[in-house]
Amino acid sequence: MRWDVKDITCIDDLRRLARRRVPRAFFDYAEAGSYSQETLRANRSDLEHIKLRQRVLIDVSSLDTATHIAGGDVSLPLALGPVAMTGLQWGNGEILACRAAQAAGIPFTMSTLSICSIEDVAAAVDKPFWFQLYVMKDRGFVRSLIERAAAAKCSALVLTVDLQVLGQRHVDIKNGLSVPPSLKMNNLINMATKPGWVLSVLSGKRWTFGNLDGHVKDMPDVKSLAQWVGSQFDQTLSWKDVEWIRTLWPGTLIIKGILDVEDARAAARTGATALVVSNHGGRQLDGAASSISMLPKIADAVGSEIEVLFDGGIRSGQDILRALALGAKACLIGRAYIFGLGAGGEAGVSKAIEIIRKELEVSMALTGVKRIAEVDHRVLV
Ligand SMILES: Cc1cc2nc3c(=O)[nH]c(=O)nc-3n(C[C@H](O)[C@H](O)[C@H](O)COP(=O)(O)O)c2cc1C
């Protein structure tokens, strides 16, 4: 299939195209969940089981998808979530995705484990973006990352709390995308069959973790940097560390990776602006509940104290409507835009956002709601 915008009608088309254009090791990395992928599948299947309520003869001629997320105006209840190594799905991927998000009027979240650095992205775009933080053992490095995010005028800090240990993705080990990386010969041959990707990555600013490169002492190459990252996830992380981060970052704080009511209450007590109900896209605790099944309980418990955002399995505007109906203020997407990026760079990410926007508009119209604020459980059967 050639890249022809006219033929792309849904996120799954972008996924198919990305599968052809991105080397297998990186496509698999994006698509996979941990272990048996039960939670990955549950994220999708539980969303699909939620039925929307068709309504008729309601004037929906003036429909508006605009809303606010974490204090900012957005054109859609949607943000691009943090995705590690976006710049290996397509060269300069973080910059391209950020530009597409900003052109569409929604936030982009840069992962700690990005290929482009905070400064690279800040220099290439003209509006603030969100920065996602992994708290590593080296607290001096964490402090410097927060300072760099502040210097780059990032408008929110997204603190990810569900990765004290790493869930295993079988496919990454089989592809040699492990710590340290050791890509197998067949993966290297497979890369050579993706000339568009090779060109894009070769012309990209960097090929390693941009936020770490040159900032971590005595790390001469990608291998040692990857090893350093692997050794840095901190099993001692606790709510005390969140208090410490609060002192370093007085601005908008979003706590990402909450799947339990008790944890949601603790997150609300921190004074954070928002939390994200998330199981890391089914990449951490396999066997955990789907993200959407936990959303209503969490929204009921803390929705009046803290903004409740949602991610996990969103592939369409219909999915966003389902999540809003169950109490989310807005949704984040991971794979849906990463597939767009692999399919067509910046234009592919824009396409992903536009597909979701149109689907949301049509679904609002057919459920008889005109404003995001009107969406509640009444749009569900
Ligand atoms: C390839 C990939 C890398 C990810 N890297 C990060 C990361 O660096 N930090 C983070 O907080 N979440 C990360 N996530 C989780 C996403 O932010 C998000 O929670 C998840 O993708 C949502 O599920 P979805 O892909 O079904 O939309 C990653 C997800 C994927 C698919």
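Computed from a predicted model, the values in this text were never measured in an experiment. When a ligand or atom number is given, it counts from 1 through the structure's own listing order.
- Atoms of ligand 1 lying under 4.0 Å from at least one heavy atom of Thr160, given by number and element, are 10 (C), 11 (O).
- Heavy-atom minimum distance, Leu133 versus Thr112: CA-OG1, 3.3 Å.
- Under the 3.5 Å distance criterion, with hydrogens and angles disregarded, no donor-acceptor pair is assigned to the side chains of Gln168 and Ser34.
- Which parts of ligand 1 touch Val83 is read off a 4.0 Å heavy-atom cut-off, strictly below it: atoms 1 (C), 2 (C), 3 (C), 4 (C), 5 (N), 6 (C).
- In this structure, Lys358 places its NZ atom where only 12 or fewer heavy-atom neighbours from other residues, nucleotides or ligands lie under 6.0 Å away.
- Assignment of Asp311 to the shell around ligand 1 is supported, since a heavy atom sits closer than 4.0 Å.
- Within the listing of ligand 1, atoms 10 (C), 11 (O), 12 (N), 15 (C), 16 (C), 17 (O), 18 (C), 19 (O) sit less than 4.0 angstrom from a heavy atom of Lys256.
- For the ligand labelled ligand 1, residue Arg315 lies inside the 4.0 Å heavy-atom shell.
- At the shortest separation from atom 17 (O) of ligand 1 among protein heavy atoms lies Pro82 O, 2.7 Å.
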Verify side-chain contact (heavy atoms from CB on, under 4.5 Å) between Asn279 and Asp162, making sure each step is shown before the conclusion. CA-CA 7 Å; Asn279 52 30; Asp162 60 3; 5.8 Å; no

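- Residue contact check: Ser111 has heavy atoms under 4.0 Å from atoms 7 (C), 8 (O) of ligand 1.
- When side chains are defined from C-beta on, Leu321 counts as touching Thr367, because their heavy atoms get closer than 4.5 Å.
- Within 6.0 Å of atom CZ in Arg24, more than 12 heavy atoms from other residues, nucleotides or ligands are found, so the atom counts as buried in its surroundings.
- An N or O contact shorter than 3.5 Å is missing between Tyr29 and ligand 1 by distance.
- Taking all heavy atoms of Ala336, Gly257, Ala84 into account, the minimum distance to atom 4 (C) of ligand 1 is reached by Ala84.
- In this view, Ser203 satisfies the side-chain hydrogen bond (donor to acceptor under 3.5 Å, both in side chains) rule with no residue, not counting sequence neighbours.
- Each of the atoms 1 (C), 31 (C) of ligand 1 lies under 4.0 Å from some heavy atom of Ala30.
- On a distance-only criterion, Gly313 and ligand 1 share at least one N/O pair closer than 3.5 Å.
- For atom 7 (C) of ligand 1, the nearest protein heavy atom (residue, atom name, distance) is Tyr134 OH, 3.0 Å.
- Looking only at protein heavy atoms, the nearest one to atom 24 (P) of ligand 1 is Arg335 NH1, 3.5 Å.
- Ranking the protein heavy atoms by distance from atom 23 (O) of ligand 1 puts Gly281 CA, 3.4 Å first.
- At least one N/O-N/O distance between Gly334 and ligand 1 falls below 3.5 Å.
- Checked against the 6.0 Å centroid criterion, the rings of Trp228 and Phe141 qualify as a close aromatic pair.
- Aromatic ring orientation, Tyr134 versus Phe233: perpendicular (interplanar angle above 60°, classes split at 30° and 60°).
- The distance from ligand 1 to the heavy atoms of Ser278 drops below 4.0 Å at these ligand atoms: 19 (O).
- More than 12 heavy atoms of other shown residues, nucleotides or ligands fall within 6.0 angstrom of atom CZ in Arg371.
- The shortest non-hydrogen separation linking Glu38 to Asp286 is N-OD1, 2.8 Å.
- At a 3.5 angstrom cut-off on N or O pairs, Arg283 does not count as close to ligand 1.
- With ligand atoms numbered from 1 in the order given, ligand 1 contributes 7 (C), 8 (O), 9 (N), 10 (C), 11 (O) to contacts under 4.0 Å with heavy atoms of Gln132.
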